[in-house]
**Q** 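My questions all concern the structure below.
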Amino acid sequence: MDVEESRPENVEDIVKCTECSSRNLERDTIRGELVCNECGLVLEEGDIDMGAEWRVFTPEHGDSLARTGAPSTYLLHDKGLSTSIDWQNRDYSGKSLSSSNRSQYHRMRKWQQRARVKDSFDRNLTQALPEIARIGDKLGLSRSLTEETSLVYRKALEKNLTRGRSIDALVAASVYLTCNRNKLGRTLDEVCGATRVGRKELTKCYKVLKHALGIRMDVNHPVDFVPSFISKLGLPSEVMTKTFEILRLAEERELTYGKSPTGIAAAAIYIAAHVVGNNRTQREIADVSHVTEVTIRNRYKELANALDINMHN
DNA sequence: AAGACGAAAGTGGTTGA
DNA sequence: TCAACAACTTTCGTCTT
């Protein structure tokens, strides 16, 4: 019943040495270790030194050395770098402003707004960037990836690719391109499903984008999809290792050319799962890989025959 | 009953004239 | 731009476990 007991031990909880039970412990902030002074056992390591790396003699001195602010980000149309003027009519100490000052601030705010979203470029971005963030969230993409996506989108804007195209479609294409470039193994349909954009429009935009930005993309390989599929199927890493082995052989023997990489990946996983004894049905694998059972069947027969793999065990 | 299998017909993308 | 083509899908009846 004691909740405190089940709580995972954190650094501050360690009060006794596990070796000699001494309470004479010392935290070495330079090395980031918690050391027992009696027997020398290191109880914790890899602790992060939160201190500044400079020495400060007066408070003003400290302020002058600090160089952090809010992080710059491509996800805000002005990269979060522009000044914002508070809407409250108070000065820095919280006192109300005089009426003449108030009208002055009103004018300043107005011009600030105009300067911030100054042209169609920025207006476009203020629409597109939240959409990128939204899609990224839906697809479970990392922060750095959405940042990269917005960078791609900015470049697309600079090349005037929006003319005659919807912002949403271009955003979706940017997301898909960034995913591909980083070998995330996201399928076209997944990206499609996270947006309001049709499949056809997306592929069209994607091609234009790729061409305009001069990005040479090596074709997707089956291996790129494996980690994502494996985790969706809840299969152990053992199966992943086996799958990679199968795929390596398959590429060597040129069994993969002209075939859909997702189909090959799905088939290899199907084989690997059986070999390892952690079976999944064709249906289950078909669902996560977005290919049909028939395709998995055709591919896995080919692979198993060519690589001489016995499935029945 | 569930899963695997394979035939047949249809669809969308690529290629080459 | 069009036809030919391979890969893939959908559908469905049959076989196996």
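Per chain, numbering begins at 1; letters A, B, ... match sequence-line order.
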**Q** If a pair means Watson-Crick or G-U wobble with both distances below 3.5 Å, what does DNA chain B look like in dot-bracket form, with | marking bases paired to a different strand?
**A** |||||||||||.|||||
**Q** 5'-most contact on DNA chain B: A/Val294 or A/Tyr270, nearest heavy atom basis?
**A**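 Comparing both residues, the 5'-ward one is A/Tyr270.
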**Q** Would you mind reading off the distance between A/Leu255 atom CG and C/dA7 atom P, rounded to a whole angstrom?
**A** 12 Å
**Q** Any N or O donor-acceptor pair linking the side chain of A/Arg297 to the base of B/dG6 at under 3.5 Å?
**A**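 Yes.
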**Q** Select one nucleotide: of C/dA7, B/dA4, B/dC5, the one nearest the side-chain heavy atoms of A/Thr281.
**A**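 So the nucleotide nearest the side chain must be B/dA4.
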**Q** Hey, is the main chain of A/Thr178 close enough, under 3.5 Å, to the side chain of A/Asn182 for a donor-acceptor pair?
**A**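 Checking the backbone N and O of A/Thr178 against the side chain of A/Asn182, a donor-acceptor pair under 3.5 Å is found.
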**Q** Assign A/Gly258 to base, sugar-phosphate, or nothing according to its heavy-atom contacts below 4.0 angstrom with the strands shown.
**A** sugar-phosphate
**Q** Does a nitrogen or oxygen in the side chain of A/Lys301 sit under 4.0 Å from OP1 or OP2 of B/dC5?
**A** yes
**Q** A/Asp287 CG to B/dG3 P: how many Å, rounded?
**A**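 Rounded to the whole Å, the gap is 11 Å.
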**Q** Where the side chain of A/Gln282 is defined as all heavy atoms beyond and including C-beta, which of C/dC8, B/dC5, B/dT14 is the nearest nucleotide?
**A** B/dC5
**Q** I'd like to know if the side chain of A/Asn180 reaches the main chain of A/Leu177, judged simply by a donor and an acceptor atom lying under 3.5 Å from each other, with no hydrogens or angles considered.
**A**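 Here the side-chain-to-backbone pair does not exist.
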**Q** Before accepting this row, confirm whether a basic side-chain N of the pair A/Arg248/A/Glu245 lies closer than 4.0 Å to the acidic partner's carboxylate O.
**A**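 Between A/Glu245 and A/Arg248 there is no salt bridge, as every charged N stays at least 4.0 Å from the carboxylate O atoms.
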**Q** Do any side-chain nitrogens or oxygens of A/Lys204 fall under 4.0 Å of OP1 or OP2 in B/dG13?
**A**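 So the side chain of A/Lys204 is outside the cut-off, no N or O lying under 4.0 Å from OP1 or OP2 of B/dG13.
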**Q** Scan side-chain atoms only and decide if A/Glu238 and A/Thr241 contain a donor-acceptor pair under the 3.5 Å cut-off.
**A** no
**Q** Whole angstroms only, please: what is the CD-C1' distance between A/Glu293 and C/dA7?
**A** 18 Å
**Q** Let me know the distance between CG of A/Asn298 and C1' of B/dC5, rounded to the nearest Å.
**A**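 For the pair A/Asn298 CG and B/dC5 C1', the rounded distance is 10 Å.
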**Q** How long is the line joining NE2 of A/His290 and P of C/dT10, in whole Å?
**A** 12 Å
**Q** Whole Å only: how far is the CZ atom of A/Arg299 from the P atom of B/dC5?
**A** 14 Å
**Q** Regarding A/Arg165 and A/Glu201, does a basic nitrogen lie under 4.0 Å from an acidic carboxylate oxygen?
**A** no
**Q** Tell me the interatomic distance from A/Tyr257, atom OH, to B/dT14, atom P, rounded to whole angstroms.
**A**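 Nearest whole value for this atom pair: 19 Å.
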**Q** Could you name each residue pair satisfying ring-ring contact (aromatic ring centres under 6.0 Å, His included) that touches residues 131-186 of chain A, not counting sequence neighbours?
**A** A/Tyr176-A/Tyr206
**Q** Under 3.5 Å, which donor-acceptor pairs do the side chains of residues 225-234 of chain A form with other protein atoms, sequence neighbours left out?
**A**
residue, atom, partner, partner atom, Å
A/Ser231, OG, A/Ser228, O, 3.3
A/Lys232, NZ, A/Glu190, OE2, 3.2

**Q** Could you say whether A/Thr203 or A/Arg280 is positioned toward the 5' end of DNA chain B, judged by the nucleotide with the nearest heavy atom to each?
**A**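 So the residue in question is A/Arg280.
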**Q** Please confirm whether the shortest side-chain N or O distance from A/Tyr300 to OP1 or OP2 of B/dC5 is below 4.0 Å.
**A** yes
**Q** In this structure, how many angstroms lie between the C1' atom of B/dG6 and the CD1 atom of A/Ile296, rounded?
**A**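 About 15 Å, once rounded to whole Å.
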